[in-house]
Amino acid sequence: MTPFAALAPVTRSSTPTPSPSTAEQQLEDSREVLAEWVDRLPSAALTLGVVLVVLVVLWFVGRALIRGVTLGIERGAPLQDARTRRALSKAKIPIAQPDTVEMRLEAERRRKRARTLQRVLESALAVVLIAIALTTLLTTLGVPVGPMLASAGVVGVALGFGAQSLVKDVLSGMFMLIEDQYGVGDVVDLGEATGSVEEVGLRSTRLRSLDGTVWYIPNGEIRRVGNMTRMWSRAVVEARLAYDTDVEAARQAMIDAVEAAKAGSEMVASNVLSEPDVAGIESLEFNAVMLRLLVQVNPATQWDIMREIRREMRRIFDERGIELAVPGEAMVVDTPPRRPRAHGGHDAHEGGDE
């Protein structure tokens with residue numbers, strides 16, 4: 001052995017090769033973990049089954065509670081109850097008489113609001129129960145849920161700064177439901193879209209327009225709400241008549257058109273809530289006098305009723321000789337035909353004016 005042999009570097013493996021005893025020990029540990037997991041599987045399945053049964057029971061109980069609450073909102077306080085009427089009198093709240101048009105319209109409005117709240121609350125209940133079921137399933141399978149929830153909380157805080165529009169939509173939806181701005185079945189104008197409300201959620205509202213287009217509008221983007229069917233609606237029919245028309249006769253004809261529509265259509269008779277009103281001349285134009293008919297009707301029926309009134313109004317105007325306004329003056333321009341050109345491509349009169 002040379003003197004430098006002791007100074008030579010010794011080459012060793014970076015990953016020591018496990019000895020047969022160590023590999024066998026790892027395999028044995030894996031088998032024990034698998035056996036323990038298999039032994040726990042029946043109890044885990046039983047626990048998961050019990051949790052699912054409890055969640056199903058909670059779903060039905062929650063739906064029953066939601067329906068009870070919304071049914072109470074829909075029915076309202078019975079004004080026939082003497083205790084209720086005394087309480088309202090002490091609070092100096094005006095009490096409507098039973099079986100009036102106002103009470104019937106208020107009951108219909110409460111029904112729409114209750115149906116909207118029922119859908120929103122049932123959706124929220126479903127989300128909560130599904131989250132509990134997933135958490136229980138992961139815990140039963142041995143997946144650590146605590147670190148996942150902590151990470152989700154940190155991620156949620158981080159995403160909260162970037163998801164301000166989502167928070168804005170949810171808050172706007174909550175205030176919209178509390179204030180009862182509109183509900184399912186109402187015809188509303190939300191600025192960007194107009195149509196019938198099909199679904200109201202905490203994040204967005206779904207509308208269906210007249211041509212069948214479905215609009216999804218985030219609640220945070222709604223700047224104004226025009227509800228055309230809250231409590232009651234109004235049918236408005238305008239007529240521009242000739243300048244020399246007898247205004248009183250035309251006014252009576254428009255009122256008679258409403259009565260004729262009620263007599264000829266059960267739909268009109270059952271949905272008209274007030275007597276027709278024609279206040280007088282609404283505008284004077286150089287060739288027309290405009291009268292406006294107003295009548296209060298049930299929500300969302302004004303368009304059908306206005307069609308029936310216009311049909312009867314046209315018939316009555318024709319029978320009584322009441323003429324609609326037409327332009328008083330017209331200009332007729334008669335253009336003479338152009339002269340034919342001579343053969344050969346030259347004008348018939350070369351030096352003349354055409």
Side-chain angles (χ1 to χ4, degrees), residues 99-109 111-112 182 185-189 193-198 207-213 226-333:
D99 300 329
T100 61
V101 175
E102 289 77 9
M103 288 190 61
R104 182 165 59 85
L105 295 176
E106 182 64 28
E108 179 65 19
R109 185 63 200 173
R111 184 184 66 82
K112 291 183 178 180
Y182 55 85
D186 286 337
V187 180
V188 297
D189 181 2
T194 302
S196 176
V197 179
E198 290 189 342
L207 299 182
R208 185 176 294 274
S209 62
L210 182 61
D211 59 356
T213 304
N227 195 332
M228 306 178 190
T229 56
R230 183 181 176 88
M231 297 291 292
W232 52 270
S233 300
R234 177 171 287 157
V236 181
V237 180
E238 296 180 349
R240 284 176 170 79
L241 308 172
Y243 199 82
D244 56 351
T245 301
D246 186 350
V247 175
E248 186 60 31
R251 176 178 177 275
Q252 187 60 43
M254 297 175 72
I255 295 176
D256 293 342
V258 178
E259 299 299 329
K262 292 170 61 177
S265 175
E266 181 64 26
M267 182 273 297
V268 177
S270 60
N271 287 293
V272 172
L273 303 178
S274 66
E275 296 297 327
D277 180 32
V278 181
I281 299 176
E282 297 295 336
S283 67
L284 286 175
E285 303 175 10
F286 75 98
N287 65 335
V289 175
M290 196 268 281
L291 301 180
R292 180 181 295 131
L293 171 70
L294 303 175
V295 58
Q296 186 176 342
V297 298
N298 277 329
T301 61
Q302 62 266 38
W303 296 285
D304 295 332
I305 292 177
M306 285 190 293
R307 294 188 190 99
E308 293 295 327
I309 293 176
R310 292 190 188 101
R311 184 172 63 86
E312 295 295 336
M313 191 178 297
R314 177 180 180 274
R315 180 183 60 82
I316 293 177
F317 281 178
D318 185 62
E319 291 177 355
R320 302 182 183 181
I322 300 175
E323 298 181 356
L324 297 179
V326 295
E329 296 180 359
M331 180 179 294
V332 180
V333 179

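For clarity, every value in this text was computed on a predicted model and none was experimentally measured. Keep in mind that the numbers below use all heavy atoms, side chains included, and drop hydrogens, waters and symmetry copies.
- More than 12 heavy atoms of other residues, nucleotides or ligands lie within 6.0 Å of CG in L284, so this atom counts as buried by the packing criterion.
- Without hydrogens or angle criteria, E319 side chain to F317 main chain gives no donor-acceptor distance under 3.5 Å.
- The salt bridge (charged side-chain N to carboxylate O under 4.0 Å, His left out) check on R311 picks up E308, with sequence neighbours excluded.
- The minimum heavy-atom distance between I316 and A253, with the atom names listed, is CG2-CB, 3.9 Å.
- In this structure, Y243 and E285 approach most closely via the heavy-atom pair CE1-O, 3.5 Å.
- Among all heavy-atom pairs drawn from I309 and A257, the shortest one is O-CB, 4.0 Å.
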For D256 and R320: C-alpha separation, side-chain torsions, deciding distance, then whether side chain to side chain contact (heavy atoms under 4.5 Å, CB included) applies.
CA-CA 12 Å; D256 293 342; R320 302 182 183 181; 2.9 Å; yes
Pairs of donor and acceptor atoms involving the side chains of residues 275-283, under 3.5 Å and at least two apart or interchain, shall be tabulated with distances.
unit_1 : atom_1 : unit_2 : atom_2 : d
E282   : OE1    : R292   : NH1    : 3.2

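- Atom CD of residue E238 and atom CE of residue M306 lie 10.5 Å apart, to the nearest 0.5 angstrom.
- Contact between S196 and G185 at its shortest, heavy atoms only, is OG-O, 4.1 Å.
- A donor-acceptor pair is defined here as one N or O able to donate and one able to accept, closer than 3.5 Å; no such pair exists between the side chain of S265 and the backbone of A261.
- A salt bridge links D304 with R307: the distance from a Lys NZ or Arg NE/NH1/NH2 to an Asp or Glu carboxylate oxygen falls below 4.0 Å.
- Without hydrogens or angle criteria, S274 side chain to Q296 main chain gives a donor-acceptor distance under 3.5 Å.
- Counting all heavy atoms, side chain and backbone alike, S233 lies closest to A300 at OG-N, 3.4 Å.
- Counting heavy atoms from C-beta outward, L207 and V197 have side chains that approach closer than 4.5 Å.
- The environment of CZ in R234 is sparse: at most 12 heavy-atom neighbours from other residues, nucleotides or ligands sit within 6.0 Å.
- To the nearest 0.5 angstrom, R251 atom CZ is 5.5 Å from E248 atom CD.
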(message) Under the criterion side chain to side chain contact (heavy atoms under 4.5 Å, CB included), I'd like the reasoning laid out for M228 against D189: C-alpha separation, chi angles, the key distance, then a yes or no.
(response) CA-CA 8 Å; M228 306 178 190; D189 181 2; 4.0 Å; yes
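- Side-chain contact between T245 and E323: absent, with no pair of heavy atoms (C-beta onward) separated by less than 4.5 Å.
- With rounding to the nearest 0.5 Å, the separation of CE in M313 from CG in D318 is 14.0 Å.
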Note to self: Is there a side chain to side chain contact (heavy atoms under 4.5 Å, CB included) between V188 and T194? Walk through the geometry before answering.
What the structure shows: CA-CA 6 Å; V188 297; T194 302; over 6 Å; no
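- Side-chain contact between M267 and I305: present, with at least one pair of heavy atoms (C-beta onward) separated by less than 4.5 Å.
- Looking at every heavy atom in both residues, S270 comes nearest to N298 through O-ND2, 3.6 Å.
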